[in-house]
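By convention in this document, chain letters (A, B, ...) are assigned in the order of the sequence lines, proteins followed by strands, and residues within each chain are numbered from 1. Values below: every heavy atom of this structure, side chains too, minus hydrogens, waters and symmetry copies.
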Number of protein chains: 2
Amino acid sequence: MFPKKMHYGLRLLLTLSGLAEGNYLGVAEVAERENISLKFLEAIAVALRKGHIVNVRRGAGGGYQLAKPLKEISLYEIVLLLDEKLDKTIATDGSNTEKAVGRFLLSVRNDYGRLLRRVTLEKLHNYFTEENESIMYYI
Amino acid sequence: MFPKKMHYGLRLLLTLSGLAEGNYLGVAEVAERENISLKFLEAIAVALRKGHIVNVRRGAGGGYQLAKPLKEISLYEIVLLLDEKLDKTIATDGSNTEKAVGRFLLSVRNDYGRLLRRVTLEKLHNYFTEENESIMYYI
DNA sequence: TATTATCCTACCATTTTAGTAGTATTAATA
DNA sequence: TATTAATACTACTAAAATGGTAGGATAATA
């Protein structure tokens, strides 16, 4: 349902969320830690930066950091930046059946958009800490 | 957001909904009326039949009819049959970030599924009758 | 049995997705 | 200021998905 860009992008943001305030982390390190193609992840990071989800510091010692806390980032923003599908137009002209189908599907897409806007990456972080806690039991 | 298969399939169902009880309509006629590629629409009709959305009568004088009223057909069923994307698995294993992202996206997909289940094709039909009424004003 | 219509298999072109390569640009730091 | 470490950009490629086509097999009816 979601392209790899989405999965990778979310893993990048999750990794960045563990960063101390004011610090930056390079994509090369994230790509290695997360076993994601460096070049592919670079492109994702650029997209997230253009969408003001992350800040960048170029040059040596640079990298990315979250531009705002996870709970202020909605999944909607991420999908718009990394999924493309959502913003391509649905025709609401043509024959009567075409118009009806177009408007019908548009209303569904709007509902879906509302759903995505209500979900923030704080929830993602909750899943993440659950995972880490479940490891604790083995220690 | 939705592939043409979805648009075409919905237009087919909308056309069939105008059929008198017990009657069948061939895809060739629908394809012509709706300006949709015959062969493509044939494949869509077969998929809808396999999903028990339409009944078929083969041979001369045959064609398709709705298997149940529009208000008993949820968009979820149609998406499952014509969109594919929804049923491909989301991995919830691997590293902790992979698990977290997998479960997170899975929960979103479940919410989306619930949304689709609540939408029936009755709503589509409402959009359609609205279109037809708006034409009345010109007469 | 001739006709009409669905059904099935295989194929093809275009677009999207995922990934790679090389190089230009920027900024810290030695 | 030269070196180095990092992002940014452009172009390319392989594989998969999407949209569509062709031909014939199958089934049912008139």
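The closest side-chain heavy-atom distance from H125(B) to L70(B) is below 4.5 Å. No side-chain heavy atom of E34(A) sits under 4.5 Å from any side-chain heavy atom of Y8(A).
At a cut-off of 3.5 angstrom, counting only N and O atoms as typed in the model, there is a donor on one side and an acceptor on the other between the side-chain of R58(A) and the base of dT7(D).
Nucleotide dT21(D) holds its P atom 11 Å from the NZ atom of K4(B), rounded to whole Å. Counting to the nearest Å, the P atom of dT29(D) and the CG atom of N23(B) are 15 Å from each other. F2(B) has its CZ atom 13 Å from the P atom of dG19(D), to the nearest Å. Distance, K5(A) NZ to dA16(D) P: 19 Å, rounded to whole Å. Taking atom CZ of R49(B) as the reference point, atom P of dT26(D) lies 15 Å away to the nearest angstrom. One can place CG of L82(A) at 14 Å from C1' of dA18(C), the figure rounded to the nearest angstrom. When rounded to the nearest whole Å, the span between CG of N55(B) and P of dC7(C) equals 11 Å. Atom NE2 in H7(B) sits roughly 12 Å away from atom P in dG20(D) (whole-Å rounding).
Proximity of K50(B) to the phosphate of dC8(C): a side-chain N or O atom is located under 4.0 Å from OP1 or OP2. Contact check, Y24(B) against dA5(C): no side-chain N or O comes under 4.0 Å of OP1 or OP2. Between R57(B) and the phosphate of dT4(C), there is no side-chain N or O to OP1/OP2 separation shorter than 4.0 Å. Checking the phosphate oxygens (OP1, OP2) of dG19(D), no side-chain nitrogen or oxygen of Y8(B) falls inside 4.0 Å.
In this structure a side-chain-to-backbone donor-acceptor pair under 3.5 Å is missing from R117(B) to S74(B). A donor-acceptor pair under 3.5 Å links the side-chain atoms of T120(B) to the main chain of E122(B), judged by distance alone.
A cation-pi geometry, defined here as NZ or CZ lying under 6.0 Å from the six-membered ring centre and within 45° of its normal, does not hold between R103(B) and Y127(A).
Across dT4(D), dA8(D), dT6(C), the shortest atom-to-atom separation from the side chain of Y64(B) is found for dT6(C).
With the nearest nucleotide of DNA chain D identified for both G59(A) and E84(B), G59(A) has the one nearer the 5' end.
For Y112(A) and Y112(B), the gap between ring centers is short of 6.0 Å.
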Do E84(B) and K88(B) pass the salt bridge (Lys or Arg N to Asp or Glu O under 4.0 Å) test, and can you show the C-alpha distance, the side-chain angles, and the key distance before you say yes or no? CA-CA 7 Å; E84(B) 354 274 357; K88(B) 57 175 154 180; over 6 Å; no
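Near DNA chain C, meaning a heavy atom under 4.0 Å from it, residues 26-46 of chain B has G26(B), V27(B), K39(B), E42(B), V46(B) in order of number.
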